[in-house]
Amino acid sequence: MINKGRVFSGARPTGRQHLGNYLGAVQNYVALQNDYDCIYSIVDLHALTTLETTLDLKQNTLEMALDWLAAGIDPERSIIFIQSHVPEVAELHTILSMVTPLGKLTELPTFKDKIREQPNNINYGLVGYPVLMTADIVLYKANVVPVGVDQAPHLEFAREIVRSFNFRYGTDVLIEPEMKVTKIPKVLGIDGQKKMSKSLNNHIELAATPEETQKRVMMMVTDPARKLRSDPGDPDVCNVYTMHEIFSKLEEVEMINRECRIAGIGCVDCKKIFAKNLNDHLAPFRERRAKFSQKPQEVLDILYEGGKRARKIAEGTMREVRNAVGFP
Ligand code: TRP
């Protein structure tokens, strides 16, 4: 392995992952393991900023971990752990919060979105969300953070916090992380309109059975102008075609592009081909997932073990941080 440094990324425990999560994050996490020393965290503390109840938190954490492992995040090569298992992150968050200007936090677009989304739960943690995220990254001295472009303001802000900490305490113990923007194909939901998301119920779950997957695929909205089987379609505005481009072989993609435009192939057949290709692609994932889900204790052990390894690194950083701050 050519070691290019340390990657850290995190995702909130949203339970079973869907195609959007897979193409937008998980697949990339898996690939990065070839070049970097990777740490992936299920950020349950961050989840508390938006959750109304924690009844599903454990289950959602476990389901997400199962999907990550089945997708190929390899606990032998990488650390996969639960954020709250390393309490040092909370201490670092507190220390960093004192070098973070409040005015900038409340100006962040992500914070403003949250105020709109949950006007009855504008909690203190929401304001500090990017500070906790910074603590995550710098606690493990990560130099590369793969995230979607929506997280760019957070990453830029993390860099500012690091500079501000290092300047204030005349140190260089914290590392300024680089953002690595994940090139995400635009993954729309089966409605063909909105970004794929569980809350909109327009998603296709990775762990679904082939039959369920086929059913969801058959519900996908295609070119809205194509009403009849005999109407020619436009692949450029068809979400199923976009998916073919990702999951189907080149010849098939070319055939569909050509035949759709002359009504040589109908949407039903086009979707059947996609469903088959998607199911083929996910078959090894599902097989691994089934194996892991028969041994939930093993999955928990992997997460605990990952937490222990993460904590070792965190303890080292915290010793340096406390020294730099000058605690007696
Ligand atoms: N803020 C990220 C999100 O909402 C999740 C996250 C938390 C994260 N800590 C992180 C991402 C550290 C990268 C690095 O998607």
Side-chain angles (χ1 to χ4, degrees), residues 6-14 39-58 60-62 64-65 79-102 104-106 108 110-111 114 118 121-143 145 147 151 153-155 157-166 168-169 171 173-177 300 303-328:
R6 182 171 285 158
V7 154
F8 182 97
S9 197
R12 279 175 289 157
T14 48
I39 306 183
Y40 298 122
S41 181
I42 299 176
V43 294
D44 53 351
L45 293 169
H46 276 106
L48 297 182
T49 60
T50 56
L51 292 184
E52 276 160 31
T53 132
T54 51
L55 288 175
D56 299 328
L57 188 58
K58 266 189 201 160
N60 283 340
T61 300
L62 205 63
M64 190 156 101
I79 294 180
I80 155 171
F81 79 107
I82 299 173
Q83 185 186 32
S84 64
H85 287 181
V86 183
E88 281 78 3
V89 77
E91 181 186 355
L92 185 54
H93 164 266
T94 302
I95 294 173
L96 294 181
S97 72
M98 279 45 134
V99 296
T100 305
L102 180 60
K104 286 208 172 165
L105 280 178
T106 51
L108 283 171
T110 39
F111 177 64
K114 281 289 177 265
Q118 50 186 68
N121 182 17
I122 306 174
N123 59 77
Y124 177 63
L126 276 181
V127 187
Y129 188 105
V131 187
L132 183 57
M133 180 165 160
T134 306
D136 270 333
I137 298 165
V138 299
L139 189 55
Y140 305 103
K141 301 208 175 210
N143 27 32
V145 181
V147 279
Q151 293 292 313
H154 286 166
L155 245 290
F157 200 61
R159 293 163 59 87
E160 279 180 41
I161 296 175
V162 168
R163 288 197 292 269
S164 157
F165 177 92
N166 285 348
R168 160 91 69 103
Y169 297 112
T171 176
V173 299
L174 299 188
I175 294 175
E176 233 181 278
L300 286 175
L303 293 171
Y304 287 133
E305 200 47 48
K308 272 199 224 160
R309 286 163 63 201
R311 197 162 185 194
K312 277 250 153 58
I313 304 171
E315 281 167 351
T317 306
M318 284 317 293
R319 265 194 297 276
E320 293 177 338
V321 166
R322 293 184 203 113
N323 256 331
V325 172
F327 286 128

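Scope of the values below: all heavy atoms of this structure, side chains included, with no hydrogens, waters or symmetry mates. Positions are given from 1 along the sequence.
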Check: In terms of the angle between their ring planes, are F81 and Y140 parallel, tilted or perpendicular, with boundaries placed at 30° and 60°?
Finding: perpendicular
State, to 0.1 Å, how close [X] and [Y] come at their nearest heavy-atom pair, and which atoms those are.
X	Y	answer
A314	E88	CB-CB, 4.1 Å
G10	V43	CA-CG1, 4.2 Å
L92	A135	CD2-O, 3.7 Å
N143	R6	OD1-N, 2.8 Å

Next item on the list: With side chain to side chain contact (heavy atoms under 4.5 Å, CB included) as the test, would you mind laying out the steps for V147 and H154 before giving the verdict?
Entry: CA-CA 10 Å; V147 279; H154 286 166; over 6 Å; no
So, taking the atom named [atom1] in [X] and the one named [atom2] in [Y], what distance separates them when rounded to the nearest 0.5 Å?
X	Y	atom1	atom2	result
I137	L155	CD1	CG	5.0 Å
K141	I39	NZ	CD1	12.0 Å
I122	T106	CD1	OG1	11.5 Å
F157	T134	CZ	OG1	7.5 Å
R159	I175	CZ	CD1	12.5 Å
T317	E315	OG1	CD	10.0 Å

If we ignore hydrogens and angles and just use 3.5 Å, is the side chain of [X] paired with the main-chain N or O of [Y] as donor and acceptor?
X	Y	answer
N166	L174	yes
S164	V99	yes
H46	Y129	yes
N123	T49	yes

Could you check whether any side-chain heavy atom of [X] comes within less than 4.5 Å of a side-chain heavy atom of [Y], counting everything from C-beta outward?
X	Y	value
T54	K58	no
M318	I95	yes
F8	D136	yes
D44	H85	no
E91	V321	no
P177	V162	yes
L139	I313	no

Next item on the list: Apply side chain to side chain contact (heavy atoms under 4.5 Å, CB included) to the pair Q118 and L126, showing each step before the final yes or no.
Entry: CA-CA 10 Å; Q118 50 186 68; L126 276 181; 3.4 Å; yes
Next item on the list: Carefully, step by step, assess L96 and F165 under the rule side chain to side chain contact (heavy atoms under 4.5 Å, CB included).
Entry: CA-CA 7 Å; L96 294 181; F165 177 92; 4.0 Å; yes
Check: What residues form a side chain to side chain donor-acceptor pair (under 3.5 Å) with K308, not counting sequence neighbours?
Finding: none
Item checked: Criterion side-chain contact (heavy atoms from CB on, under 4.5 Å) against L51, the qualifying member of N60, L57, N121 -> L57
Next item on the list: Mark yes when over 12 heavy atoms from residues, nucleotides or ligands other than R322 sit less than 6.0 Å from its CZ; otherwise mark no.
Entry: yes
